[in-house]
Amino acid sequence: MLQAFVFDVDGTLADTERAHLAAFNQAFAQEGLGWCWDEAQYTELLNISGGKERILHHWRQVNPDIKDLSANGVMDTINRLHDIKTAAYESAVNDGAVELRPGVLRLMDDALRQGIRLAIATTTSPVNIAALLRRAIGMDWREHFVAIGDASTAPLKKPHPQVYLQMIDALQLPPSVCLAFEDSANGLAAATAAGLQTVVTPTDFTRHHDFSAALRQVPDLSQVGVERLRAWHDEGLRDPRRAAGLPA
Ligand code: XBP
Ligand code: MG
């Protein structure tokens with residue numbers, strides 16, 4: 001019996017990564033770093049969850065002899081860059097740079113009307129979630145979610161299951177009655193490792209990922225209602241391979 005939906009944010013609730021990419025490049029330019037990521041490069045870098053982790057990964061790629069992170073303020077520089085980036089991203093979202101993906105708002109409304117509880121499990125920063133959902137749902141957006149797991153609550157980023165395990169705990173439900181919504185292989189791996197079946201809605205940045213462990217892969221949620229999700233979820237529970245997060 002399906003009792004909760006756990007939504008990823010970036011790529012799932014909204015196709016946000018072009019706006020994140022622009023914000024990263026704005027921060028690099030503002031700080032006088034000669035870095036400017038293009039979409040092909042960023043598609044690769046998105047294999048690293050978490051903006052700070054992504055910057056550090058790139059820095060090590062371009063400057064392999066960075067060893068001691070505490071030396072010459074590497075982490076201070078990354079934290080400063082990420083603060084600038086997050087402010088730039090929040091400003092872009094407030095100016096309408098991103099909208100919820102098709103079907104997301106209607107599915108959330110239908111779920112709440114049918115007593116299905118909602119939670120969020122993301123590796124992005126809390127500021128980014130609030131900016132997106134304040135604009136998309138309204139000032140009372142937080143009331144609609146039982147719990148929010150994000151970069152501030154779960155330092156171990158996807159594919160680590162930490163953020164999904166936190167949401168299962170907050171929901172006080174077994175993973176078997178929860179359904180995750182994701183857009184990336186890292187997100188699918190995290191949800192699956194936490195015991196949740198997962199519906200995947202890829203974006204241009206993740207379409208090439210391996211989603212064989214997903215319960216279903218659909219272009220977006222515009223044709224997906226609660227009843228269809230209940231049927232898929234029940235089917236998954238009856239299929240021991242799917243219930244174990246394995247390809248059918
Ligand atoms: C996607 C991410 C985030 C964003 C950037 O999160 O990995 O790092 O790309 O946001 P999700 P930050 O789990 O919602 O798909 O710079 O705040 O990390
Ligand atoms: Mg995502």
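One-based numbering, in listed order, for ligands and for the atoms of each. In what follows, residues are counted from 1 in the order of the sequence shown.
Relative ring orientation between His209 and Phe211 is described as tilted, the plane-to-plane angle lying within the 30° to 60° band. Between Phe24 and His82, the two ring planes are tilted [angle within 30° to 60°].
Within Asp8, the N/O/S atom positioned nearest the Mg ion (ligand 2) carries the name OD2. For Asp183, the N, O or S atom with the smallest separation from the Mg ion (ligand 2) is OD1. If you look at Asp10 and ask which of its N, O or S atoms sits nearest the Mg ion (ligand 2), the answer is O.
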If you look at each N/O of ligand 1, which protein N/O atoms lie under 3.5 Å away, and at what distance?
residue: ligand 1; atom: 6 (O); partner: Asp10; partner atom: OD2; Å: 3.3
residue: ligand 1; atom: 6 (O); partner: Thr123; partner atom: OG1; Å: 2.9
residue: ligand 1; atom: 7 (O); partner: Gly50; partner atom: N; Å: 3.3
residue: ligand 1; atom: 7 (O); partner: Arg54; partner atom: NH2; Å: 2.8
residue: ligand 1; atom: 7 (O); partner: Thr123; partner atom: OG1; Å: 3.0
residue: ligand 1; atom: 8 (O); partner: Gly50; partner atom: N; Å: 3.1
residue: ligand 1; atom: 8 (O); partner: Gly51; partner atom: N; Å: 3.3
residue: ligand 1; atom: 8 (O); partner: Arg54; partner atom: NH2; Å: 3.2
residue: ligand 1; atom: 9 (O); partner: Glu17; partner atom: OE1; Å: 3.1
residue: ligand 1; atom: 9 (O); partner: Glu17; partner atom: OE2; Å: 2.8
residue: ligand 1; atom: 9 (O); partner: Arg54; partner atom: NH1; Å: 2.8
residue: ligand 1; atom: 9 (O); partner: Arg54; partner atom: NH2; Å: 3.2
residue: ligand 1; atom: 10 (O); partner: Thr124; partner atom: OG1; Å: 2.9
residue: ligand 1; atom: 13 (O); partner: Asp8; partner atom: OD1; Å: 3.0
residue: ligand 1; atom: 13 (O); partner: Thr123; partner atom: N; Å: 2.9
residue: ligand 1; atom: 13 (O); partner: Thr123; partner atom: OG1; Å: 3.0
residue: ligand 1; atom: 13 (O); partner: Lys158; partner atom: NZ; Å: 3.0
residue: ligand 1; atom: 14 (O); partner: Asp8; partner atom: OD1; Å: 2.8
residue: ligand 1; atom: 14 (O); partner: Val9; partner atom: N; Å: 3.4
residue: ligand 1; atom: 14 (O); partner: Asp10; partner atom: N; Å: 2.8
residue: ligand 1; atom: 14 (O); partner: Asp10; partner atom: OD2; Å: 3.4
residue: ligand 1; atom: 14 (O); partner: Thr122; partner atom: OG1; Å: 2.5
residue: ligand 1; atom: 15 (O); partner: Asp8; partner atom: OD1; Å: 2.8
residue: ligand 1; atom: 15 (O); partner: Asp8; partner atom: OD2; Å: 3.4
residue: ligand 1; atom: 15 (O); partner: Asp10; partner atom: O; Å: 3.0
residue: ligand 1; atom: 16 (O); partner: His82; partner atom: NE2; Å: 2.7
residue: ligand 1; atom: 16 (O); partner: Lys85; partner atom: NZ; Å: 2.8
residue: ligand 1; atom: 17 (O); partner: Thr124; partner atom: OG1; Å: 3.1
residue: ligand 1; atom: 17 (O); partner: Ser125; partner atom: N; Å: 3.0
residue: ligand 1; atom: 17 (O); partner: Ser125; partner atom: OG; Å: 2.6
residue: ligand 1; atom: 17 (O); partner: Asn128; partner atom: ND2; Å: 3.1
residue: ligand 1; atom: 18 (O); partner: Gly51; partner atom: N; Å: 2.7

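Electrostatic pairing of Lys158 and Asp8 counts as a salt bridge here, judged by a charged N lying under 4.0 Å from a carboxylate O. Ion pairing between a basic and an acidic side chain is recognised when a charged N comes within 4.0 Å of a carboxylate O; Asp109 and Arg106 show no such pairing. Remark: Asp234 does not engage Arg238 in a salt bridge, criterion side-chain N to carboxylate O under 4.0 Å.
Residues Ser184 and Asn186 have side chains that never bring a donor and an acceptor to within less than 3.5 angstrom of each other. Side-chain polar atoms of His57 and Gln61 form a donor-acceptor pair below 3.5 angstrom.
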